[in-house]
Amino acid sequence: MAFQVGYQSTLRVGDQPCSASGVQRIIAHLEQQEGSQAVAKLNQHLGVAFSAAAQRHFVPMWQIETALNYLQQHYPSLVALPSKLSPDWVDDLASLLAHFDNLEQVISALVQQQLPVAQFADTVVISHDDFVRILWINSGRSSVDSLQVQFQHSINMMCSVAERLLGEPFLPLEIALIQPPDQHWLGSIRCDNIRTGAPFYSWTLSRQQLRQPLNGMIDAPPLTLQQIEESFAEQVINALRSSLPALPSMEQMASHLELSDRTLRRKLANGKSRYQNLVYQVRCQYALQQLVTQRLDVATLAEQMGFNDVSHFRQSFKHWTGFAPGDFMRALDKECCLPSAG
């Protein structure tokens with residue numbers, strides 16, 4: 001069975017600007033069903049007026065994550081909104097989507113972070129002749145419960161968007177979950193094959209459907225994507241990545257950015273980030289990149305990353321991802337060889 005495997009890291013930073021339309025629609029429905037007091041409680045939990053900020057279409061990613069987790073805890077049926085309540089995401093990004101000819105190009109742009117949409121996890125894309133499987137890799141050390149909420153919300157949104165762009169029903173060939181799904185979500189998703197107990201969250205899409213032309217109405221002329229202002233944490237991550245495999249201390253980073261240590265900490269804290277967490281993320285993503293795409297052996301990678309002891313690298317990798325390196329690669333290889341279930 002011939003296939004190709006690609007890895008795409010994500011920024012995973014709290015101050016990253018992301019489209020708010022999906023959660024905005026949920027909050028509008030929350031106000032309709034539960035009243036303005038319920039929205040006020042959500043805003044109090046966030047510490048900001050999300051519903052007002054979302055009118056600008058883009059909000060920091062941490063607000064989206066926090067809102068989803070709060071809504072899942074208190075109003076789980078709203079997180080699993082059916083397709084008839086699909087978000088206005090297509091309308092928000094219409095001028096950008098007008099560049100694309102088919103759904104495969106849209107999915108590729110999302111995975112490669114070419115569209116301002118929240119990316120909750122890194123992705124491994126397994127490309128077969130007949131199907132594509134997209135795996136979520138938890139490099140952000142999110143809890144399984146939080147990641148499941150984010151994954152289920154994203155799948156609902158993407159299926160709704162796909163139906164809007166294709167002008168016809170869209171059914172993934174398979175959806176894989178680590179733990180059993182929320183019953184509200186299960187009743188809202190249309191998929192004949194839902195696999196539980198999987199090592200990764202993933203969805204599998206038909207090549208034939210991905211390559212169909214976009215028939216949904218996109219009432220906007222094609223525009224070049226205007227650069228959204230780079231978040232501060234993104235600046236730090238890019239500086240860290242450029243120095244790999246060795247990484248600077250916080251003091252060295254502050255000096256590089258011409259800031260004091262205190263200012264660096266404060267600017268990161270404003271976006272719900274910490275310097276050490278960004279270091280963990282960059283190191284984890286570098287290790288994943290080398291393992292997945294280069295198939296580098298563990299001893300060589302550990303030495304390359306400056307670990308004096310291979311066992312210390314294995315412990316760090318498990319701390320980052322929840323898997324020992326060997327277990328991760330075996331689970332990934334198994335996912336690569338699974339049929340499409342279609």
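We use all heavy atoms of the structure for the numbers below, so side chains are in, but hydrogens, waters and symmetry mates are not.
For the pair Arg283 (side chain) and Met305 (backbone), a donor-acceptor distance under 3.5 Å is present. Between the side chain of His128 and the backbone N or O of Cys336, at least one donor-acceptor pair lies under 3.5 Å. Counting only distance, with no hydrogens or angles, the side chain of Thr123 and the backbone of Val125 share no donor-acceptor pair below 3.5 Å. Here the side chain of Ser255 pairs no donor or acceptor atom with the backbone of Glu251 at under 3.5 angstrom. With hydrogens and angles ignored, the 3.5 Å screen pairs no side-chain donor or acceptor of Asn277 with any backbone N or O of Tyr280.
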* Determine, stepwise, if the pair Leu165 / Phe170 fulfils side chain to side chain contact (heavy atoms under 4.5 Å, CB included). => CA-CA 10 Å; Leu165 293 175; Phe170 178 82; over 6 Å; no

* Does the pair Met329 and Phe323 meet the rule for a side chain to side chain contact (heavy atoms under 4.5 Å, CB included), with working shown? -> CA-CA 9 Å; Met329 292 306 296; Phe323 290 90; over 6 Å; no

* Checking side chain to side chain contact (heavy atoms under 4.5 Å, CB included) for the pair Met250/Gln276: CA distance, chi angles, key distance, verdict? -> CA-CA 8 Å; Met250 187 177 70; Gln276 192 57 49; over 6 Å; no

* Give the intermediate values and the outcome of side chain to side chain contact (heavy atoms under 4.5 Å, CB included) for residues Glu168 and Gln212. => CA-CA 11 Å; Glu168 63 180 36; Gln212 290 181 3; 2.8 Å; yes

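With contacts defined as side-chain heavy-atom distances shorter than 4.5 Å, the pair Phe3/Arg133 does not qualify. Between Leu240 and Tyr275 the shortest side-chain heavy-atom distance falls below 4.5 Å. Within the 4.5 Å cutoff, the side chain of Leu214 has no heavy atoms near those of the Gln105 side chain. Leu278 has its side chain within reach of Leu268: a pair of non-hydrogen atoms, C-beta onward, lies under 4.5 Å apart. Between Phe232 and Leu259, the closest side-chain pair of non-hydrogen atoms falls below 4.5 Å. Residues Arg190 and Glu163 are in side-chain contact: their nearest non-hydrogen atoms beyond the backbone lie under 4.5 Å apart. When side chains are defined from C-beta on, Gln179 counts as touching Tyr201, because their heavy atoms get closer than 4.5 Å. Residues Glu335 and Pro199 have side chains in contact (heavy-atom distance under 4.5 Å, counting atoms from C-beta outward).
In this structure, a donor-acceptor pair under 3.5 Å is present between the side chains of Gln148 and Gln152. For Ser311 and Asp309, the side-chain atoms include at least one donor-acceptor pair closer than 3.5 Å.
Distance CG/Leu205 to CD/Glu174: 10.5 Å, rounded to 0.5 Å. Arg195 contributes atom CZ, which lies 9.0 Å from atom CG of Leu177 (distance to the nearest 0.5 angstrom). Atom CD1 of Ile126 and atom CG of Leu135 lie 4.5 Å apart (nearest 0.5 Å). Considering CG of Leu301 and CZ of Arg314, their distance stands at 11.0 Å, rounded to 0.5 Å. Atom-to-atom distance recorded for Asp327:CG and Phe317:CZ is 10.0 Å, nearest 0.5 angstrom. Remark: Tyr75 OH to Gln33 CD distance equals 11.5 Å, nearest 0.5 Å.
Counting heavy-atom neighbours within 6.0 Å of His256 NE2, excluding the residue itself, gives a total of 12 or less. The environment of Gln37 atom CD is sparse: at most 12 non-hydrogen atoms of other residues, nucleotides or ligands sit within 6.0 angstrom. Other residues, nucleotides and ligands contribute at most 12 non-hydrogen atoms within 6.0 Å of the CD atom of Glu303. Counted within 6.0 Å of CG on Asp130, heavy atoms from surrounding residues, nucleotides or ligands total 12 or fewer; the atom is thus considered open.
Considering every non-hydrogen atom in both Glu34 and Ala38, the closest pair reads CB-CB, 3.6 Å. The two residues Phe313 and Ala302 have their closest heavy-atom pair at CB-CB, 3.7 Å. In plain terms, the two heavy atoms of Asp122 and Ser139 that are nearest each other are OD2-OG, 2.8 Å. When all heavy atoms of Pro172 and Cys191 are compared, the pair lying nearest together is O-SG, 3.5 Å. Closest non-hydrogen pair, His312 versus Phe307, comes out as ND1-CD2, 3.5 Å. Shown here for Ile107 and Ile134, the closest heavy-atom pair between the two residues is CG2-CD1, 3.6 Å.
No continuous path of hydrophobic side-chain contacts links Leu173 to Leu171 [ILVMFWY only; heavy atoms under 4.5 Å].
Under 4.0 Å is where a charged nitrogen must lie from a carboxylate oxygen, and between Asp333 and Arg330 no such pair does.
None of Gln304, Arg241, Gln281 except one satisfies the side chain to side chain donor-acceptor pair (under 3.5 Å) rule with Tyr286; the exception is Gln304.
Aromatic pair Phe200/Phe151: centroids not less than 6.0 angstrom apart.
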